[in-house]
Every structure is written in C-alpha cells, then in structure tokens.
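Quick notes on the structure that follows.
Since the structure is predicted, the reported quantities are computational estimates derived from the model, not experimental observations. In what follows, every heavy atom counts, from backbone to side chain, and hydrogens, waters and symmetry copies are set aside.
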Amino acid sequence: MKGKCWKFGNNINTDEIIPARYLNTTDVKELASHCMEDADPNFMKKIKVDDIIVAGDNFGCGSSREHAPIAIKAAKISCVIAKSFARIFFRNAINIGLPIFECPDAAEQIREGDEIEVNLTAGEILDHTLKKRFRFEPFPKEMQEIIQVGGLMNFVKKKMAVG
Amino acid sequence: MGMTITEKIIADHSGLKEVHPGQFVYADVDICLGNDITAPIAIEEFEKAGISKVFDPEKIVLVPDHFTPNKDIKSAQQSKSLRVFAEKHHLKHYFEIGRMGIEHALLPEKGIVGPGDLVIGADSHTCTYGALGAFSTGVGSTDLAACFATGKVWLRVPESIRFVFHGKAKSWTSGKDLILYTIGTIGVDGALYKAMEFEGSAISNLPMDDRFAMCNMAIEAGAKSGIIAPDKNTEEYIKGRFKRKPVMYHSDPGCNYVRTYEFNADKITPQVALPSLPENTKPVEEVSGIKIDQIVIGSCTNGRISDLRIAAGILKGKKVHPSIRLIIFPATQEIYKKALQEGLIETFIDAEAVVSTPTCGPCLGGHMGILAEGERALSTTNRNFVGRMGHPKSEIYLCSPAVAAASAITGMITPPDEIIKN
C-alpha cells in the first residue's frame, strides 16, 4: 500500500463519510462518488488511486452504515490510518476487507500530502516525505483470520463448509 | 473474580463458564435486526455467498423504518428487497408500514427482545435494549449477513465502565439529560469499545422509557453497549409482552470495572448538546435564548409515550411560536394510538404542530423535515453531527422532550420551568 496522505481530524463521523441522503442506494460506485463529501466536498476530485486517509481519534463514529467503509474502499483509497477507530466502523472495515491501521504516532506526525507506504509484514508505516518509520501492532489473530480469507462472508463460508 | 452482567450474558451465549475483557468469542444470537438502509447490503451479501437457508426464521427481524413510507423510488427498491427476503425465508418478524415502528421502540414493545438476550442489529442504536438487561450492540451489514447464515456473531468481550447515579433526578431532568450529561463528561469516545453499566438510586427510580433513552445513546460515547440490570420496573414492562423465559443477570460483587463514575442526579439539570457533537453539553439555563427554526420531538431516543405526555403537558392550551416548525413523531403505531386516545395528538394539533407517522426520517436527514442552509434545529434525537438533519451548513442542538416543547412555545431554547412552574 503506497499513496499520498489526505489528513482529517478527530471524530470524523459516518454522516461526513457518506451522508444519509445518499443511503438510498447500495451501488458502490455511486457511494464512492460521495465519499467524505460532508468533511471535504472536493475530496473525490483531489484523490488518486491508492491514496491514504490519515485521521485522528474515533474515526467513523456514529451510525452502523457499512456504506462508509464501502464508499472509502470503492473510492480506491488503499487504507485508513487513525489514532483510533469507532468500533462499528472498525468491525465493518475488517468484515469487508478495507485495510485499517491504528497508529497514534503516525496519525499525529504524518502531514497532508506526504508520500506514505504501509508494509504489512514488517508492521511498519513509512513516511517517505518525512523519512520516518512508525510501528503498528498487528491485529489479534482472530481478526487476522477474517482479513486473510478476504472478509467475514468468506470466513463464514469456510466455517460452514468445514461443518 | 466475579463477572459483570455483560460478561455473564456473553459467556452464557458462547458456551463458556466465564469470559474476560479482550477475549474473542463467537456468540449465539437470540435476535438479529436490520432496517431498510442496512439490510439490503446484508441480503446482497447473504445471497452472493450462495447460502440458501437462514439460521432461524423466528430470530431475524426486519424493520423498514428509515426512509419509509418510501421517500423515493430508490428507497422503495430497498424496502422491497426486505419484503421479498422476508417472504422467501418465511421470517416471523417483518414489519410493513402500518405495523412498523422505529425499530428500537418497536422490538421491546412487541416483546421480541428481553432480559438476558444477546442481540445484534445493523443499526448503531441497537444498544437501546440494554435497558431491559440484555447485551445488545450495533454491527454492520456483513455481520448481519453472517448472522443470517450462522446465528452467531464475533465479539471481543468489552471492559465495563460503571456509572452510579446517586440521589433522585429532579422533575424536569429525564433519562435523556442524564445520558447527555454523561457524554458531556466522558466525551464521544469516552467509552470506546466498552460496556456502560448504569446503576444507583436515580436509575432505580427511572421509568423504562427513560432507561431506553439512556442506553440508546451509549453509542454516542463510543460504547459497545449500555446496560441496566433488570429490576421491578423491567419485570413490569415485559409482563404480557415478552413470551420467552427472561434471564435476569446481575453483576457480581467484586466484578471488574475499568472505571467507576459517580454522579449526583439531584445536581443534573436539563442538558442541551450544542453543534456538532453530542459531547458539547451545557445546562439549558446557560444556552437559553438561542433562536431556533425547527423542533423535532421523537426518534428511537425520545419518541415513546412518556416523552409525548411530557411534551403535551407543556404544550396544552398553548401555540407553537410563529417562527417555529414543530414536528412530532410517535415512535410506533401503538404509541401513536395511545397518544390519540389520551388526547395528546389533539393537544399537538391545537398547538399547531405537525404529527407524523412513525419513521426515522428527519433524525438522519432522510425525509419528513430536512433543514435548509443556515437553519437551526432543536431535537430530541441522538446526533448533532454536521449535516445530520439536512444541509451541511445547518445546526442541531440536542435536548429532552421537555426542553423541546418549552422552546417550541418561545421560539428559542427555553428551560421547561420557565413555562410550567412546579
């Protein structure tokens, strides 16, 4: 995962990520076209494929709408780094396979526009602009099992097949 | 070491003797819930996975309540997908409009959820049922799809925070004020990933409707769940409604809380949360005089019968201020009918308020009362985020039904005791 950083503050809520006025569809492209609209109306015009969102505390707070991580994933954002995530957003991201990383130091120090790379195996976030490395804790193994098979439904199918 | 009520419910639903915070479990779900926004994605995921049968047609609840009565063609398609799925899988609990109510008022009222249950819902305010002594938490659509298939949910056992409310809440201080005060104290991520357990003499004295309002807003502090141990009030409420055998769990003495907060309920006055986070709370007297354009009384937080009674008690014989649009939403058909029988609806109409069919509509800026640019709302709902009720440049203040009704008369934020002297 490598891309340019777009920075957001604390308590970015799901109403800002994908306002309810667009929740009358499940079309991922349409949802993506309104991604982050009420936090930054020009967000979709500015971003490129594989860019990265870096935010403060409690990212994704508010409603349970899975449309929020779906919109971010469909907008081709490669991952989200935050100081902390709201819990329903957190589990939704794990369940649908949107990579997210909790790393307070990185979220604090990375600046908007920095070139960032995430090395999953090393558990490191690299800021190429700042020339800095940040370590993040890997997720517990139970969550990694879900991530590794590509999300919760694949995990369920596998479990059901095993019986 | 003893276990908290939350740990006990999770352990019993996971086939374990005990569980500890941080532990991962796959828990059996008593009831799972989806609505017209979240269930369509769950249905798509379920069908995409090629699973032919749901785990139990009696344990899945579908309530089209957000954009209903369908506000546009796309919303109608979403509601239709619920109806088709419910028919196909012979779901016992599908609520078409006319029978539908706002889900978190409807499920307790119909006795679908009760004490000791483990409930998940693809709606963040699913934490409401904690008021019955259930473990109940909001999840996403894919979680719901997985539950349709397996009847299970993956959970990380939460740490518990204890909130003790001493004393007795004063006459105009409701459950809504206690929870707004709590969120104002700990912040919108003050209980992130944790269970909020409410207790103390002020909670024992609190009517069920107020308990629902408190647990409903646990999510606004980032919590996984809110819970109140069942007592006489709970038993009274479920009588004649809940048909399964309730399991009354209580926290053990000496169980583990990561933190305890103690509040004196006598000192908590009606609260108002200023834009644009529920943590921006102030006592109403400090913000009185702020001019308002629209007032909403209703929602899964405050659309219950006692909320409507309080509002009607203040509005009786008075008129809504000419500059105010007052919109009132009974949360369910049963509440609506009761309000009609008690003359509350007549009071509202005589006061020149709008009374609507049950829907989540305006709370999330869906329909039935959207704000224009620069407008300011005072609302008994649960979130005041940027753009939540309409234009991104509109503002929302959150409050109790009493503050909302008093303010509707004056056109500005007003403490209820300025209208009705006790």
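Ranked by heavy-atom pairs shorter than 4.5 Å toward chain A, the options Gly387(B), Ala223(B), Ala49(B), Ala149(B) are led by Ala49(B). Chain B forms the most heavy-atom pairs under 4.5 Å with one residue out of Ile88(A), Asn154(A), Thr14(A), Val156(A), and that residue is Ile88(A). If you tally non-hydrogen atom pairs under 4.5 Å between each of Arg388(B), Glu220(B), Arg383(B), His66(B) and chain A, the highest count goes to Arg383(B). Interface remark: of the candidates Ala145(B), Gly366(B), Gly138(B), Gly138(B) forms the most heavy-atom pairs closer than 4.5 Å to chain A.
Heavy-atom proximity under 4.5 angstrom to chain B picks out Ser84(A), Phe85(A), Ala86(A), Arg87(A) from residues 71-87 of chain A. Contacts of residues 37-64 of chain A with chain B at a heavy-atom distance below 4.5 Å involve Asp38(A), Asp57(A), Asn58(A), Cys61(A), Gly62(A), Ser63(A), Ser64(A), listed in sequence order. Within residues 19-35 of chain A, the residues having any heavy atom under 4.5 Å from a heavy atom of chain B are, by residue number, Ala20(A), Arg21(A), Leu23(A), Asn24(A), Thr25(A), Thr26(A), Glu30(A). At a heavy-atom cut-off of under 4.5 Å, chain B is reached by Pro140(A) from residues 105-141 of chain A, listed in order of number.
Ring planes of Tyr193(B) and Phe90(A): perpendicular class, angle over 60° (limits at 30 and 60°).
When heavy atoms are compared at a cutoff of 4.5 Å, Ala42(B) does not approach chain A at all. In this structure, chain A has a heavy atom under 4.5 Å from the side chain of Lys71(B), while its backbone stays farther away. Heavy-atom distances place no part of Phe148(B) under 4.5 Å from chain A, backbone and side chain included. Looking at Leu192(B), the atoms closer than 4.5 Å to chain A (heavy atoms on both sides) all sit in the side chain, from C-beta outward. With a threshold of 4.5 angstrom between heavy atoms, Leu277(B) approaches chain A through side-chain atoms but not through N, CA, C or O. For chain A, no part of Ile370(B) is nearby; none of its heavy atoms comes within less than 4.5 Å. For Ile37(B), the parts lying under 4.5 angstrom from a heavy atom of chain A are both the backbone and the side chain. Using a 4.5 Å cut-off between heavy atoms, Asp72(B) contacts chain A through its side chain alone, with no backbone atom that close. Only the side chain of Glu44(B) comes within less than 4.5 Å of a heavy atom of chain A; its backbone N, CA, C and O stay farther away. Both the backbone and the side chain of Thr142(B) come within less than 4.5 Å of a heavy atom of chain A. Only the side chain of Asn92(A) has a heavy atom closer than 4.5 Å to any heavy atom of chain B. With a 4.5 angstrom heavy-atom cutoff, Glu45(B) touches chain A via backbone and side-chain atoms both.
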Quiz item: Between Trp154(B) and Asn95(A), is a side chain to side chain contact (heavy atoms under 4.5 Å, CB included) present by the stated rule, with each step listed?
Solution: CA-CA 10 Å; Trp154(B) 67 269; Asn95(A) 287 345; 3.1 Å; yes

Exercise. Using the side chain to side chain contact (heavy atoms under 4.5 Å, CB included) rule, take Val188(B) and Asn13(A) through it: C-alpha gap first, then chi angles, then the decisive distance, then the call.
Key: CA-CA 11 Å; Val188(B) 291; Asn13(A) 62 71; over 6 Å; no

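In this structure, Phe46(B) and Met153(A) approach most closely via the heavy-atom pair CA-CE, 4.2 Å.
The closest side-chain heavy-atom distance from Ile41(B) to Arg65(A) is not below 4.5 Å.
Note: Thr38(B) OG1 to Glu66(A) CD = 9.0 Å, rounded to the nearest 0.5 Å. For the atom pair OG1 of Thr150(B) and NZ of Lys159(A), the computed distance is 9.0 Å after rounding to the nearest 0.5 Å. The structure places CG of Leu152(A) at 11.5 Å from OG of Ser141(B), a figure rounded to the nearest 0.5 Å.
Under a 4.0 Å N-O distance rule, the pair Arg91(A)/Asp143(B) qualifies as a salt bridge.
Glu142(A) contributes no side-chain N or O that, together with a main-chain N or O of Phe24(B), makes up a donor-acceptor pair within less than 3.5 Å.
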